[in-house]
Amino acid sequence: MNTETASTPERSDFVRDIVAADLREGRIDSVVTRFPPEPNGYLHIGHAKSICLNFGIAGEFGGRCHLRFDDTNPLKEEQEYIDSIQEDVRWLGFDWGQHLYFASDYFEQLYDWAVLLVRDGKAYVDDLSADEIRSHRGTLTEPGSNSRWRDRGVEENLDLFARMRAGEFPNGARVLRAKIDMASGNINLRDPIMYRIVHATHPRTADAWCIYPSYDFAHGQSDAIEGVTHSICTLEFQDHRPLYDWFTANLPVPSVPHQYEFARLNLTHTVLSKRVLLRLVNEGSVRGWDDPRMPTLTGLRRRGFPAEGLRDFVAMAGVARADSVIEVEMLEHAVRDILNRNAPRRFAVLDPVKVVIDNYPEGLTEEMEVPNNPEDPDAGTRTVPFTRELWIEREDFMEDPPSKFFRLAPGREVRLRSAYFITCTDFLKDDDGRIVELHCTYDPASRGGSTPDGRRPKATLHWLSASHTIPAEVRLYDHLFTSPHPSAGGRDIFEDLNPESEVILSGCLVEPSLVSVPIGETVQFERVGYFCPDPDSAPGVLVFNRTLGLRDTWAKLQAQGRHDGA
RNA sequence: UGGGGCGUGGCCAAGCGGUAAGGCAGGGGACUUUGGAUCCCCUAUUCGCAGGUUCGAAUCCUGCCGCCCCAGCCA
């Protein structure tokens with residue numbers, strides 16, 4: 001490795017700048033952040049950005065990051081999600097230590113604080129219906145008007161709020177509101193709702209409560225209770241910041257956190273809206289939340305994307321306040337970069353065609369030594385059996401090749417990787433004109449892939465011994481949506497679903513060592529791409545997912561040729 | 001005609017008054033027992049537009065234009 005001086009600039013962005021300045025100027029002693037998901041769905045790559053930001057900052061500045069579930073709405077939240085979120089954050093590579101919290105842990109404290117605001121005349125029970133509240137709220141350009149219940153007495157408010165908690169009223173009968181300013185230009189300040197009545201079972205507190213705090217009344221105070229210093233969220237909460245600050249300013253909170261907002265992650269050919277992801281699952285467009293085409297962390301994991309690649313991608317993309325849509329190619333680059341360095345190389349033939357080496361002894365099996373990863377000499381070598389009859393990729397032979405085609409063709413010599421040079425002498429076709437068998441001769445002096453005379457074929461092919469082969473199903477994946485911006489333009493994005501987002505190949509063949517690749521490990525099928533075993537694999541029935549293909553300049557050339565030739 | 005934000009190359013993104021980093025994508029070349037990887041080189045006389053301040057502006061000021069978010073008893 002080269003000797004880089006300490007001048008290597010740390011990754012920086014506006015949030016890290018703020019944290020660094022707060023530390024440097026003594027406004028805080030150490031940084032505390034939090035990742036605060038609502039357990040109402042699976043985490044996706046957009047959440048990965050927030051997770052990497054919050055945990056990343058805590059790690060870089062020697063602070064800590066909490067995992068806090070924002071479980072204030074029992075109608076939408078489930079234990080299943082609480083479990084999956086923890087699994088996904090851990091998989092991404094982060095550890096919250098002892099700092100696992102739930103907003104519901106603070107329900108009693110939050111209630112006490114609400115009572116305090118009522119006593120101070122800063123909150124009131126409103127009997128208006130949801131519709132009435134909406135019509136009193138005004139519009140974006142017109143101020144709202146006060147509820148007729150806005151000025152009722154403290155004692156009556158106290159009594160009513162207590163009875164709300166006691167379960168005396170049905171859902172929607174009353175709410176508790178902060179008394180701020182119905183004429184504010186910021187609609188969040190027009191007497192926001194602090195508590196609503198919801199008779200529902202909560203995944204953590206069960207039936208202990210029938211009133212639940214709103215996001216606005218819970219979030220900042222939860223941060224304050226935990227000593228969070230920097231409460232980092234996405235841009236759409238900017239308008240909530242004045243309210244966040246209003247509550248911490250009007251309540252005896254133990255600390256005063258501050259909120260900062262960044263732009264959420266968007267990717268081309270991808271949709272991250274929970275609503276749409278749910279539809280994809282419910283309408284059977286994909287097989288589930290963990291379908292390898294889903295942008296969920298569980299889906300990406302099943303697809304074979306390494307967590308490190310995701311982290312690198314997030315770092316590469318940066319954090320800013322401008323709305324943006326990142327090209328998926330950047331993600332794919334980050335993932336390939338990790339995989340290229342780490343993934344063991346293996347042989348697999350997706351679309352096999354038979355090769356017979358006429359001058360190779362019948363019945364002989366040689367064990368050829370093949371490097372596990374040319375990028376990493378420490379990965380060592382493995383042994384792959386070589387015999388007279390082999391399989392190669394159908395697309396690696398052309399009867400009548402164009403000038404740019406370097407692979408096997410009649411009369412042409414190519415190298416079989418780590419084995420021998422072979423020259424095609426003949427080929428057989430079936431009645432439909434389809435190639436069924438190639439005949440070749442080999443050069444015994446080329447064993448291992450080089451010859452004394454230094455001949456260098458233009459192509460090197462992967463291969464498999466016909467008598468040492470494991471059958472496999474291979475699932476090829478591509479973008480779920482055809483358009484780079486599926487949600488743009490107002491049309492139904494389901495019309496933009498890529499019909500070839502999943503292509504299932506049967507009759508594929510892989511080398512014997514592949515029977516034992518553990519789930520979660522991604523390998524490279526040499527010259528083909530990165531693949532990982534799918535959990536659908538069963539003894540005797542291997543299933544591989546294509547994580548990503550290799551960059552393919554030949555395919556690019558062919559595509560160009562098609563265009564030029566038009 | 002309300003409030004809050006944002007506008008730097010195809011896509012991200014540094015830059016914080018001293019004369020446009022970096023990555024991805026794209027193009028060209030070298031090398032190569034993966035048409036992979038790697039390595040070189042090329043791609044903004046210009047920072048939404050127009051004025052102004054200044055010796056000097058992407059950075060400061062004014063005006064305009066464009067885009068995003070907000071009217072859940074969701075988060």
Side-chain angles (χ1 to χ4, degrees), chain A residues 9 12-13 17 36-38 40 70-73 75-77 126 128-130 133-135 137-144 171-177 183-190 192-198 211-212 214-216 218-219 233-242 261 263 268 274 313 315-334 336-337 340-341 345 370-371 374-375 404-407 415-419 421 446 448-450 456-462 484 524-529 549-557:
Chain A
S12 188
D13 53 65
D17 288 348
E38 181 188 16
N40 69 344
D70 224 339
D71 55 347
T72 57
N73 184 355
L75 261 18
K76 296 190 172 180
E77 297 151 8
D126 196 342
L128 256 29
S129 70
I133 286 179
R134 187 181 318 119
S135 59
R137 189 150 30 222
T139 68
L140 294 178
T141 53
E142 296 159 336
N171 291 349
R174 294 178 223 264
V175 290
L176 184 73
R177 296 230 252 170
S184 172
N186 182 343
I187 290 175
N188 293 295
L189 263 20
R190 320 244 262 228
I193 281 152
M194 294 165 55
Y195 274 90
R196 68 292 206 187
I197 300 171
V198 183
I211 58 172
Y212 289 90
S214 63
Y215 163 85
D216 287 303
H219 204 95
C233 61
T234 43
L235 251 27
E236 66 270 26
F237 290 100
Q238 286 176 108
D239 291 345
H240 292 247
R241 188 174 355 116
E261 312 87 11
T268 56
K274 229 166 229 176
F313 163 67
M316 204 180 282
V319 178
R321 288 172 65 81
D323 293 318
S324 64
V325 183
I326 297 170
E327 294 174 334
V328 262
E329 286 79 2
M330 197 190 283
L331 204 213
E332 295 173 352
H333 167 84
R336 282 198 186 96
D337 196 44
N340 175 52
R341 295 204 295 262
R345 270 76 227 234
V370 185
E375 296 296 311
K404 297 275 184 54
F405 185 85
F406 304 149
R407 284 110 95 148
R415 170 165 40 226
L416 294 181
R417 169 124 237 238
S418 300
F421 293 1
S446 63
S450 59
R456 309 170 87 177
K458 290 202 79 170
T460 300
L461 311 186
H462 58 284
Q524 184 192 101
F525 290 171
E526 281 207 56
R527 300 208 311 129
V528 180
L550 258 21
R551 286 188 61 204
D552 190 345
T553 18
W554 168 237
K556 197 174 285 181
L557 265 178

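Each chain gets a letter, A, B and so on, in the order its sequence line appears, and its residues count up from 1. These numbers come from the heavy atoms of this one structure, side chains and all, not from hydrogens, waters or symmetry mates.
Checked for salt-bridge contact, A:Glu526 and A:Arg417 meet the test: a charged N lies under 4.0 Å from a carboxylate O.
For A:Arg407, taking side-chain heavy atoms from C-beta onward, the closest of the listed nucleotides B:C6, B:G26, B:G35 is B:G35. Comparing atom distances between the A:Ala320 side chain and each of B:C11, B:U34, B:A14 picks out B:A14 as nearest. Listed nucleotides: B:G36, B:C12, B:G5. Nearest to the side chain of A:Ser324: B:C12. Residue A:Asp323 has its side chain nearest to B:C68 when only B:C6, B:C68, B:G35 are considered. Side-chain atoms of A:Glu327 lie closest to B:C11 of the nucleotides B:C11, B:U38, B:C6. Here the nucleotide nearest the side chain of A:Asp17, chosen from B:G15, B:C6, B:C24, is B:G15.
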Between protein and nucleic acid, restricted to nucleotides 57-60 of chain B and to nitrogen or oxygen atoms under 3.5 Å apart, what atom pairs and distances do you find?
none

In B/S/- notation (B base, S sugar-phosphate only, - none; protein heavy atoms under 4.0 Å), nucleotides 70-75 of chain B written 5' to 3' is BBSBSB

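Taking atom P in both B:G26 and B:A20, the straight-line distance is 28 Å, to the nearest Å.
Under the ring-ring contact (aromatic ring centres under 6.0 Å, His included) criterion, A:His462 pairs with no residue at all, not counting sequence neighbours. Among residues two or more places apart in sequence or in another chain, the side-chain contact (heavy atoms from CB on, under 4.5 Å) test is passed with A:Ile326 by A:Leu265, A:Leu267, A:Phe313, A:Ala317, A:Met330. For A:Phe421, the ring-ring contact (aromatic ring centres under 6.0 Å, His included) criterion is met by no residue, not counting sequence neighbours.
Consecutive pairing runs in RNA chain B reach the stem threshold at B:2-7 with B:65-70, B:10-12 with B:22-24, B:26-30 with B:38-42, B:48-52 with B:60-64, where a stem means at least three Watson-Crick or G-U wobble pairs with distances under 3.5 Å.
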